[in-house]
Asks: 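Quick one: the structure is below, and I'll ask about it shortly.
So you know, we letter chains A, B, ... as the sequences are listed, proteins then strands, and number each from 1.
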Amino acid sequence: MLQISYIRENKDEVIKRLAIKNFAAAETLINQVIQLDVERRNAQKDADGVKAEANQLARQIGDLMKSGKKEEAETIKGQTAELKQKEKQFDDVLKSKEEEIQHILLQVPNLPDTTVPAGKTPEDNEVVFEYGNKPALPENALPHWELAAKYDLIDFELGVKLTGAGFPVYKGKGAKLQRALINYFLDRAEKEGYNEVQPPILVNEDSAYGTGQLPDKEGQMYHVGVDNLYMIPTAEVPITNIYRDVILKESELPVKNCGYTPCFRREAGSYGKDVRGLNRLHQFDKIEIVQIAHPEKSYATLEGMRQYVAALLTELELPFRTLKLCGGDMSFASALTYDMEVFSGAQKRWLEVSSVSNFETFQTNRLKCRFKDTNGKTQLAHSLNGSALALPRIVAALLENNQTPEGIKIPKVLLPYTRFGIIN
RNA sequence: GGAGAAAUGGCAGAGCGGUCUAAUGCGGCAGUCUUGAAAACUGUUGUGGGUAACACCACCGGGGGUUCGAAUCCCUCUUUCUCCGCCA
């Protein structure tokens with residue numbers, strides 16, 4: 001959520017930058033919210049004034065009662081009825097203004113960083129880095145879902161029986177490969193200075209609001225109605241919400257946490273070849289990295305996170321590219337996002353395996369995650385996160401790219417974790 | 001799930017209808033003293049709104065109520081603790 005104080009002082013810039021995100025309603029909403037803000041402050045002044053008066057009368061009554069002047073106290077009591085009524089009126093106005101402002105602010109996306117390219121669709125994303133050669137596979141190379149069946153690694157039909165489409169069952173070496181990747185990613189993150197946490201995978205409403213899943217993306221989460229809890233679509237939600245209503249010391253920044261969780265997404269409306277095999281699932285595993293950073297250092301932090309994810313992909317010997325997302329393809333909350341895509345040799349397409357973003361103060365404003373700077377002033381921290389990494393598409397690429405007539409070869413870095421070098 | 005107790009500032013803990021602008025202790029910060037440190041002493045130390053700056057307003061787990069006035073009384077929710085039941 002943008003800060004109203006920032007909008008107030010930088011109105012034109014805000015509107016201009018929202019245009020990069022193709023946010024059509026920007027000008028209307030911003031003007032509305034500025035007007036409401038004026039009205040809100042007036043209402044507050046009115047309400048405060050009445051309250052101050054009432055407080056004073058109450059104090060007077062107290063003094064009179066103590067000194068035994070009961071009749072005088074009663075007289076003053078008579079004056080309070082009108083004040084009370086006015087107080088309620090002003091409070092109601094104040095409350096409604098606040099709600100209206102909140103309602104609008106929740107609809108306004110984050111401002112894109114000044115370096116974000118304009119654009120509407122994924123075609124407008126900027127390729128900023130590319131690494132590795134696409135594998136030279138024979139024409140009859142198999143897509144991962146066929147390899148998974150051939151070597152009995154992943155059983156999609158069984159998942160349908162147990163739960164439904166998009167909930168695969170990993171078996172044998174397929175299951176072990178999952179476990180190996182999880183452990184590898186966690187060990188690697190720890191080496192990178194991240195503190196491992198194991199958060200709940202169900203969160204309450206407050207947490208879902210905190211990171212911005214609510215009120216907007218309600219339909220994308222599984223909701224446990226009886227207890228009003230949401231299954232997390234990403235570990236970002238619980239791990240970032242650790243810092244909800246927290247004031248950190250400047251010396252504690254940056255906070256670096258990582259965690260492995262299953263992730264749950266309803267993916268309503270998805271269909272076709274995009275969802276084949278592991279390409280898009282309702283439940284999948286992911287290791288997430290989250291940082292709370294000093295505002296002046298958050299872009300350096302973002303670059304560091306992007307480098308880290310690139311290193312993981314390099315170590316896994318997967319060809320990948322890094323995209324800087326254009327305004328139209330960025331998420332609502334992000335100020336700058338890099339997507340990392342691996343090349344899946346048999347499908348012959350790029351698969352997104354990580355998305356690394358700086359949210360600046362957009363999340364922390366909602367979360368009220370702040371730090372005390374050296375001058376003793378409290379200010380909002382910046383939040384960042386990234387996948388490091390999401391498993392299914394990594395598995396898809398590993399299976400497809402490393403297939404040989406003898407079997408599927410496991411990359412060297414994973415050998416200590418899988419303790420097998422080939423799937424055959 | 002049942003019965004009882006509790007929730008106060010960074011922490012501990014008092015306050016149980018008016019002066020709470022929340023005692024006291026610990027911790028933090030600044031200063032005095034010291035070559036430096038410790039100790040001692042002095043001051044300071046929550047968040048948000050509002051203002052040019054003051055004033056002022058709100059917040060004692062969340063929400064609602066009683067009252068001229070609520071940390072204090074009532075209702076409700078949540079959480080924690082103790083006991084019982086169940087259980088990986």
Asks: Between A:Arg41 (CZ) and B:G48 (C1'), how many Å, whole number?
Replies: 15 Å

Asks: Is there a donor-acceptor contact under 3.5 Å linking the side chains of A:Glu13 and A:Tyr6?
Replies: yes

Asks: When the C1' atoms of B:G17 and B:C87 are compared, how many Å lie between them, rounded to an integer?
Replies: 47 Å

Asks: What interatomic distance, in whole Å, is found between C1' of B:A7 and the corresponding atom of B:A14?
Replies: 15 Å

Asks: How long is the gap from CZ on A:Arg306 to OG1 on A:Thr337, to the nearest 0.5 Å?
Replies: 12.5 Å

Asks: Taking atom P in both B:G27 and B:A39, compute the distance separating them and give it to the nearest angstrom.
Replies: 8 Å

Asks: Please report the distance, rounded to the nearest Å, between CG in A:Asp206 and P in B:U78.
Replies: 14 Å

Asks: Using atom P of each nucleotide, how far apart are B:G4 and B:C74 to the nearest Å?
Replies: 16 Å

Asks: Would you please say whether a donor-acceptor pair under 3.5 Å links the side chains of A:Arg244 and A:Asn241?
Replies: yes

Asks: To the nearest 0.5 Å, what is the distance between OH on A:Tyr170 and CG on A:Asp152?
Replies: 14.0 Å

Asks: Taking the six-membered ring of A:Phe420 as reference, does the NZ or CZ atom of A:Lys176 fall below 6.0 Å from its centre and within a 45° cone about the axis?
Replies: no

Asks: Provide a list of protein-nucleic acid N or O atom pairs under 3.5 angstrom, restricted to nucleotides 45-47 of chain B.
Replies:
residue, atom, partner, partner atom, Å
B:U47, OP1, A:Lys372, NZ, 3.2
B:U47, OP1, A:Thr378, OG1, 3.3
B:U47, O3', A:Arg370, NH1, 3.0

Asks: Could you give the CD-to-C1' distance, from A:Gln60 to B:U19, as a whole number of Å?
Replies: 15 Å

Asks: What class does the angle between the rings of A:Tyr230 and A:His223 fall in, given that below 30° is parallel, 30 to 60° is tilted and above 60° is perpendicular?
Replies: parallel

Asks: For the CZ atom of A:Phe320 and the OG1 atom of A:Thr314, what is their distance to the nearest 0.5 Å?
Replies: 4.0 Å

Asks: Specify whether A:Tyr308 and A:Tyr194 have parallel, tilted or perpendicular ring planes, treating 30° as the upper limit for parallel and 60° as the lower limit for perpendicular.
Replies: tilted

Asks: May I ask you to check whether A:Gln403 and A:Glu146 show a side-chain donor-acceptor distance below 3.5 Å?
Replies: no

Asks: How long is the straight-line distance from CD of A:Glu87 back to CG of A:Asp92, given to the nearest 0.5 Å?
Replies: 10.5 Å

Asks: Reading nucleotides 53-76 of chain B 5' to 3', which nucleotides get B (base under 4.0 Å from a protein heavy atom), which S (sugar-phosphate only), which -?
Replies: ---SSS---------BS-------

Asks: Say we look at B:U45 and B:G25: how far apart would their P atoms be, to the nearest angstrom?
Replies: 16 Å

Asks: CD of A:Gln102 versus P of B:G49: gap in Å, rounded?
Replies: 13 Å

Asks: What is the separation between atom NZ on A:Lys249 and atom P on B:G27, rounded to the nearest whole Å?
Replies: 15 Å

Asks: Could you give the distance separating B:U8 and B:A3 at their P atoms, to the nearest angstrom?
Replies: 25 Å

Asks: Only one of A:Thr240, A:Ile292, A:Leu384 forms a side chain to side chain contact (heavy atoms under 4.5 Å, CB included) with A:Gln363, so which one is it?
Replies: A:Thr240

Asks: With rounding to the closest Å, how many angstrom separate the C1' atoms on B:G85 and B:C77?
Replies: 24 Å

Asks: Specify the separation, in whole Å, of atom CD of A:Glu205 and atom P of B:U78.
Replies: 14 Å

Asks: In whole angstroms, how far is the P atom of B:G10 from the CD atom of A:Glu252?
Replies: 14 Å

Asks: Given the C1' atoms of B:A58 and B:C20, what is the spacing between them in whole Å?
Replies: 15 Å

Asks: Quickly work out the A:Leu94 CG to B:G50 P distance and round it to whole Å.
Replies: 10 Å

Asks: Taking both distances under 3.5 Å as the test for a Watson-Crick or G-U pair, what stems of at least three pairs does RNA chain B have?
Replies: B:1-7 with B:78-84, B:10-12 with B:24-26, B:27-32 with B:40-45, B:46-49 with B:56-59, B:61-65 with B:73-77

Asks: What is the distance from atom CG of A:Leu281 to atom CZ of A:Phe167, rounded to the nearest 0.5 Å?
Replies: 9.0 Å

